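It should be emphasised that the depicted structure is a prediction, and the values quoted were computed from it without experimental measurement.
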Amino acid sequence: ILERLPPLSRRVNLRPRRPPPPSRDTSRPAGLRPLAALGEFLGGELYEWTDGKDLCIPFEEFARHMIVVGEPGYGKTTTLLRLASMAVRYGMKVVYIDLKGSLKTAAQFVALMRLLGVQRVKVYPREPYDGWRGDAQTLYNRLMQMVDAGTHPFYRRLTSSLVSLAVNAPGGPPKSSEEFLRRLDRNWLFRAYCGKTLEHAYARRKIARLVPHLDDLSLPFEGFFDGIAGALDGAWAFEDGDAAYLGLDGDAQKEQAALMGRYLLEDCAHYARHRKGPRHVLLVLDEFGVLEEFGNATDLYERVREPGMSVCAAAQSFEGLGPERQKVVTASSIKILHRCGDPEELVKYAGEREVAAFSHLLAEDEAEDEAGAFQPVRGDNGPKGRTAVRMQRQYAMPIEEVQQLGVGQIGLITGGLCAWCRPHPLVIPEDFLRAALADVSTPAAVSPPPPAPPTPEPVNGHGGQAVGTA
């Protein structure tokens, strides 16, 4: 019918935007890495990313930021682990920060990494993490991430001054939480800055102004470090493993998990810029919504991109990506959608397409005056039946289709194109899983590191004035 309508052929192109070619060469150009398969290609427009029946993500695209959104129970964690396995096949390191702290996910990650031949797999909380690497400015940035974003600017400036004095004290920055907390004391600070230089004299004036507020300023740090009980005083950091899993219990200890997550992300940015080495790193942030007060997510994205780290943030919904969700989505080159109830803010990145809409008019005398409609085509409906067609725009990835996705099915959007896919299931032998579960459930039996030499206490007094005990 449409072929007999000359106006239609002049106004719109009815061919699919990217029709599948009847045959094509799937071989990769020389010098490019072999493709790692995400899953079975179910249709869409990303034919350039297909290899046989599989949808793949090329290394060049995999090195960019991603998001994964979906309701619980529809395969989001499986997709994240599939992405981690693809990163390993591309020669990347993987850092998986799980903000819900699932033992099952930890065991799956460890077993999968071992199955892929990864030699050094680190797991927190099985082994405490070393959160004190870096210079004084690095530790200052990390510790200031623990200050509540809603803190009054006056008290935030006071906290900034206190932390700066503690980490810049003579003798070097602190090497453990115990040493840092010990420095948040008026006597220690006055003894540390007891020199006769102008810098020490200026520091003592700042300490004197801080003294009335020291108890209030130090209490949040004491509560946090007491609560995690040495979890940041370990012997390994990101650079010591080829794959790392860090599980934070965001359900039982939501506030501490959020603080710990912000601390680790700031350390991750320092690792990417100064300690990473030449290998690319994939950072997976599962349940990104736990970091709801993390106000510089897009800053993190930009800071780690150039040194060679890509971020894959996962959440249960678009809203779960936090207060900067719009910026996070915009900064992510690849959007992966499982079933979710509010996909509109995400599916719009696939763009809109023109599709033909048909209508059947029952009355012979009804005039078709709508703009964009074509003259009726008469068929076997008799003189009182008319069929009209007009072009209308709709999302290339319809909202209702995302809302009705089954378990283990995804929609993928990148560069204004979309595809449907069924990620390949993880095939992990049972003995690998049992061994991994036993490992992650048992604290590591390692000898504690040798104690650091005690920090020499400066001589009593500050500028000739005696200092009493607190």
Side-chain angles (χ1 to χ4, degrees), residues 36-44 46 49-50 53-57 62 65-89 94 96-113 115-116 245 247 250-251 282-290 311-321 329 332 334-343 345-347 349-350 397-414 418-430 432-433 436-437:
L38 174 62
E40 179 187 356
F41 179 61
L42 302 178
L46 286 170
W49 286 15
T50 59
K53 295 183 178 180
D54 288 335
L55 179 69
C56 308
I57 301 179
F62 204 90
H65 300 315
M66 298 178 277
I67 57 168
V68 179
V69 175
E71 297 175 357
Y74 281 88
K76 186 169 73 271
T77 299
T78 300
T79 298
L80 294 174
L81 292 173
R82 169 59 59 185
L83 293 171
S85 70
M86 294 169 66
V88 171
R89 290 189 173 94
V94 180
Y96 194 118
I97 300 181
D98 186 358
L99 291 154
K100 65 180 184 300
S102 166
L103 274 179
K104 178 181 177 182
T105 304
Q108 288 178 321
F109 178 84
V110 171
L112 183 61
M113 294 298 106
L115 189 62
L116 294 171
Y245 175 91
D251 293 330
L282 173 66
L283 170 63
V284 179
L285 299 175
D286 196 359
E287 296 302 335
F288 188 75
V290 174
V311 181
C312 178
Q316 296 182 10
S317 65
F318 172 74
E319 297 290 332
L321 291 171
V329 173
S332 301
I334 298 174
K335 292 93 174 165
I336 297 177
L337 284 68
H338 284 267
R339 176 172 175 172
C340 54
D342 59 345
E345 290 296 325
L346 300 171
V347 300
Y349 285 90
M397 180 172 283
I399 294 175
E400 60 273 10
E401 293 192 24
V402 177
Q403 293 172 330
Q404 297 169 10
L405 282 172
V407 176
Q409 294 180 339
I410 64 169
L412 187 148
I413 301 172
T414 184
C418 62
W420 304 98
C421 175
R422 180 182 292 109
H424 293 313
L426 301 172
V427 182
I428 305 175
E430 285 294 330
F432 274 71
L433 275 175
L437 183 60

Report summary line: Result for side-chain contact (heavy atoms from CB on, under 4.5 Å) between Ile336 and one of Thr79, Leu80, Thr414 points to Thr79

Query raised in the report: Is a side-chain donor or acceptor of Arg339 paired with a backbone partner of Val407 at a separation under 3.5 angstrom?
Result: no

**Report entry** Reported CD-to-SG distance for the pair Glu40 and Cys421, which is rounded to 0.5 angstrom
**Finding:** 8.0 Å

Requested in this report: Working to the nearest 0.5 Å, report the span between NZ of Lys76 and CD of Glu71.
Outcome: 9.0 Å

**Report entry** Donor-acceptor contact below 3.5 Å, side chain Ser317 vs main chain Gly320
**Finding:** yes

**Report entry** Residue pair Ala84 / Val94: nearest heavy atoms and the distance that separates them
**Finding:** O-CG2, 3.7 Å

Query raised in the report: At what distance, to the nearest 0.5 angstrom, does CD of Glu430 lie from CD1 of Ile428?
Result: 9.5 Å

Requested in this report: Report yes if some heavy atom in the side chain of Thr77 is under 4.5 Å from a heavy atom in the side chain of Lys104; otherwise report no.
Outcome: no

Requested in this report: Could you pull out the closest heavy-atom pair between Leu405 and Trp420, with the gap in Å?
Outcome: CD2-CZ3, 3.8 Å

Report summary line: dist Met397:CE -> Lys335:NZ (nearest 0.5 Å) comes out at 11.5 Å

Report task. Decide side chain to side chain contact (heavy atoms under 4.5 Å, CB included) for Glu345 and Val329; before the verdict, give the C-alpha distance in whole Å, the side-chain angles of both, and the deciding distance to 0.1 Å. Result -> CA-CA 9 Å; Glu345 290 296 325; Val329 173; over 6 Å; no

**Report entry** Phe62 side chain reached by Leu83 side chain, heavy atoms, under 4.5 Å
**Finding:** yes

Query raised in the report: Can you find a heavy atom in the side chain of Pro425 that is under 4.5 Å from one in the side chain of Thr78?
Result: no

Query raised in the report: Which heavy-atom pair separates Pro423 from Gly408 by the least distance, and what is that distance?
Result: CD-O, 3.2 Å

Report task. Any chance you could measure Thr105, atom OG1, to Leu112, atom CG, to the nearest 0.5 Å? Result -> 12.0 Å

Report task. Keeping the roles fixed (side chain from Glu401, backbone from Pro398), state whether a donor-acceptor pair exists under 3.5 Å. Result -> no

**Report entry** Pairwise side-chain contact, Phe288 with Ile67, heavy-atom cut-off 4.5 Å (strictly under)
**Finding:** no

Report task. Decide yes or no for Met86 and Leu282: does some side-chain heavy atom of the first lie under 4.5 Å from some side-chain heavy atom of the second? Result -> no

Requested in this report: Evaluate side chain to side chain contact (heavy atoms under 4.5 Å, CB included) for Leu115 paired with Val427, printing each intermediate quantity in order.
Outcome: CA-CA 10 Å; Leu115 189 62; Val427 182; over 6 Å; no

**Report entry** Minimum heavy-atom distance between Leu346 and Ile413, given as atom pair plus value
**Finding:** O-CD1, 3.5 Å

Query raised in the report: Taking all atoms of both residues into account, what is the closest heavy-atom pair of Val69 and Phe318, and its distance?
Result: CG1-N, 3.9 Å

Query raised in the report: Please walk me through it: do Leu38 and Ile410 pass side chain to side chain contact (heavy atoms under 4.5 Å, CB included)?
Result: CA-CA 11 Å; Leu38 174 62; Ile410 64 169; 3.8 Å; yes

Report task. With side chain to side chain contact (heavy atoms under 4.5 Å, CB included) as the test, would you mind laying out the steps for Ile57 and Leu412 before giving the verdict? Result -> CA-CA 10 Å; Ile57 301 179; Leu412 187 148; 4.3 Å; yes

Query - Distance-minimising heavy-atom pair for Arg89 and Arg82 - result: NH1-NH1, 3.8 Å

Query raised in the report: How long is the span from the CZ atom in Phe109 to the OG atom in Ser102, to the nearest 0.5 Å?
Result: 13.5 Å

**Report entry** Donor-acceptor contact below 3.5 Å, side chain Arg422 vs main chain Leu42
**Finding:** no

